[in-house]
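Structure first, then comments.
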Amino acid sequence: MHLLRFTFENHRSFRDEATLDLTRSSLKTLRLPQGTTWAEHIHHVDGIYGANASGKTNILDALHYTLEAIEFSATSWLELPEFPRAPFALTTQTMSGPATFELEFVQAGQRYEYRFTTNTDGIVEESLRKVSTRWKTIYTRSRSGNVKGLSGIPRVAPRELALSRAARLGDPTVQPIWEGIMRGFDIYSVGDREVRTRLDHIARQLQDRTLSLDALVTLAHIADTGITDIEVEERAIPPQFAQLLAQMIAPSNDTDQEDTPENSSDEAEELSNFIVRNLLFHHGTESGRLRNSDESTGTMAWLALGTAVVSALRQGKVLVVDELGASLHPQLSRLIIDWFEDPEINTTGAQLIITSHDMTLLDAGRGNREKWEQVWFVEKGSDGASELFNLADFPLQKGSNIVKQYLEGRFGGVPYTVPSLIHTLLNTHTEEKE
């Protein structure tokens, strides 16, 4: 999977259309230039910068929403009371107006463009195109749900994407594209909850032997964590705890099923078979071990993100990371970027999209235009709407000190602070004390 462009409009703080373009300026044709590869014409790392609350994360949220719609609109979304959407909320027009999402990507060597538009009722329009000599439409879908171009699927429900429905029905034209999109992206959110989820997944992979302990230990060694070995401990939930959980989750308002001791016992037996997995970490040469809860936050964050990085590099995914460096040493963040930009390591053409406040990560300080193209800024206007723009759009001279100019506010995307207001806070607290 190679992501060429992601375009969206009317999602969260983005009222107007925004495009994250991951293609190099060398790509001037629809088809791949002869004798070249797609990996030569795309960015392998793009960074998005901006002040807090400027809208950086909302770009990633728009991409996440797009992927969720593709995955769930024909299944779990149909059970929801309302069609999920998050339009720009500061005007009545945008609240009820259409929102558009578009992915342009390369899957199995073929260039595609997938686009859909939503409103409060569901899907307004949808289309899938591919490049032959020029853009060729694979199928279209109308507001009424009529589908043209897919045999056997003449119509879909108002709230489901034809792509999702066709993939669920095993359509031979669409299903490989759907699977490519689903497998081609990995979105890593910032926070302890994400780390815990990833660590639980790592433990399951280790137990299922889909991830080797040696690989995990190697990641720990790369970051100089002091970990010498890792193992997985399994222990069953105590029966009395399982019994308590069974009582807690037993439906209290289900009139069709009596809350009998037999039912609770069945639930308890099922929960007793559940296995709690724990990672145990060895340090030094002694036999002492630490649980993941005893390890440092930085170590756990590195292992959680590091396994996602390795998976993306191996499988050629688009890895999206919010706030890279939030719990990592700057050298580790830079190391991840170096891996994606090194063609000897990144042999699959994997891509990394990050948000960050550290302008030095992409080494665009004194780089050329190709480096500048990889740097994006987000700024929120007085009307509350976010805008996305590229560093290469500015009239820069070769050798410009980009980091210095950024910190000076030359490109926007930095907070305009009012530090003198601290005196107001301190005076207030003094008066309250008196």
Side-chain heavy atoms of [X] within contact of [Y], under 4.5 Å:
{"X": "I202", "Y": "L216", "value": "yes"}
{"X": "Q331", "Y": "L335", "value": "no"}
{"X": "I230", "Y": "L280", "value": "no"}
{"X": "Y112", "Y": "Q107", "value": "yes"}
{"X": "F377", "Y": "I48", "value": "no"}
{"X": "Q93", "Y": "F88", "value": "no"}
{"X": "V309", "Y": "L352", "value": "no"}
{"X": "V147", "Y": "L150", "value": "yes"}

Return the set of residues passing side chain to side chain contact (heavy atoms under 4.5 Å, CB included) with S13 (not counting sequence neighbours), or none when no residue passes.
->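 Per chain and number, S13 pairs via side chain to side chain contact (heavy atoms under 4.5 Å, CB included) with N58, K380, S386.
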Looking at residues at least two apart in the chain, or sitting in another chain, which of them share a side chain to side chain contact (heavy atoms under 4.5 Å, CB included) with S26?
->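 Listed in chain order: R24, H41.
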Least distance between heavy atoms, [X] atom then [Y] atom:
{"X": "L324", "Y": "L305", "result": "CD1-CD2, 3.7 Å"}
{"X": "T36", "Y": "P33", "result": "OG1-O, 2.6 Å"}
{"X": "D16", "Y": "E9", "result": "C-CG, 3.9 Å"}
{"X": "Y188", "Y": "A301", "result": "OH-O, 4.0 Å"}
{"X": "S164", "Y": "A69", "result": "OG-O, 3.3 Å"}
{"X": "E71", "Y": "T75", "result": "O-OG1, 3.9 Å"}

Show the numbers, then the answer: is there a side chain to side chain donor-acceptor pair (under 3.5 Å) between D21 and T23?
-> CA-CA 6 Å; D21 190 342; T23 62; 2.6 Å; yes
Heavy-atom donor-acceptor pair, [X] side chain to [Y] backbone, under 3.5 Å:
{"X": "T94", "Y": "G97", "result": "no"}
{"X": "N390", "Y": "E373", "result": "yes"}
{"X": "T137", "Y": "Y139", "result": "no"}
{"X": "S356", "Y": "D358", "result": "yes"}
{"X": "W376", "Y": "L391", "result": "no"}
{"X": "E341", "Y": "V45", "result": "no"}
{"X": "R5", "Y": "L20", "result": "no"}
{"X": "R165", "Y": "V156", "result": "no"}
{"X": "R155", "Y": "S144", "result": "yes"}
{"X": "T66", "Y": "F101", "result": "no"}

Lys/Arg-Asp/Glu bridge criterion (N-O < 4.0 Å) met for R196, D200 =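 No, R196 and D200 are not salt-bridged.
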For the pair D121 and R85, find out whether any cationic side-chain nitrogen is under 4.0 Å from an anionic carboxylate oxygen.
->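 No salt bridge links D121 with R85.
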Classify the side-chain pair [X]/[Y] by whether it contains a donor and acceptor separated by less than 3.5 Å.
{"X": "S189", "Y": "D322", "result": "no"}
{"X": "T100", "Y": "T117", "result": "yes"}
{"X": "H43", "Y": "D46", "result": "yes"}
{"X": "S76", "Y": "E79", "result": "no"}
{"X": "T225", "Y": "T299", "result": "no"}

Output, in order, the C-alpha distance, side-chain angles, deciding distance and verdict of side chain to side chain donor-acceptor pair (under 3.5 Å) for N52 and H357.
-> CA-CA 9 Å; N52 290 331; H357 293 288; 3.1 Å; yes
Using the six-membered ring wherever Trp is involved, compare the ring planes of F83 and W77 and label them parallel, tilted or perpendicular (cut-offs 30° and 60°).
->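 Answer is perpendicular, since the angle exceeds 60°.
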Parallel, tilted or perpendicular: which fits the ring planes of H11 and F8, with parallel below 30° and perpendicular above 60°?
->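 The arrangement is perpendicular - the two ring planes meet at more than 60°.
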From L211 CG over to H201 NE2, what is the distance, rounded to the nearest 0.5 angstrom?
->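 Between L211 CG and H201 NE2, I get 8.5 Å after rounding to 0.5 Å.
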How many angstroms lie between CG in L163 and CZ in F116, if you round to the nearest 0.5 Å?
->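 Between L163 CG and F116 CZ, I get 9.5 Å after rounding to 0.5 Å.
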Carefully, step by step, assess E231 and H282 under the rule side-chain contact (heavy atoms from CB on, under 4.5 Å).
-> CA-CA 8 Å; E231 64 178 287; H282 294 252; 2.7 Å; yes
E104 and Y114: side chain to side chain donor-acceptor pair (under 3.5 Å), yes or no, with the steps?
-> CA-CA 6 Å; E104 191 174 335; Y114 177 66; over 6 Å; no
Going through the checks in order, is the side-chain contact (heavy atoms from CB on, under 4.5 Å) test met by I336 and L328?
-> CA-CA 11 Å; I336 292 173; L328 296 179; 4.2 Å; yes
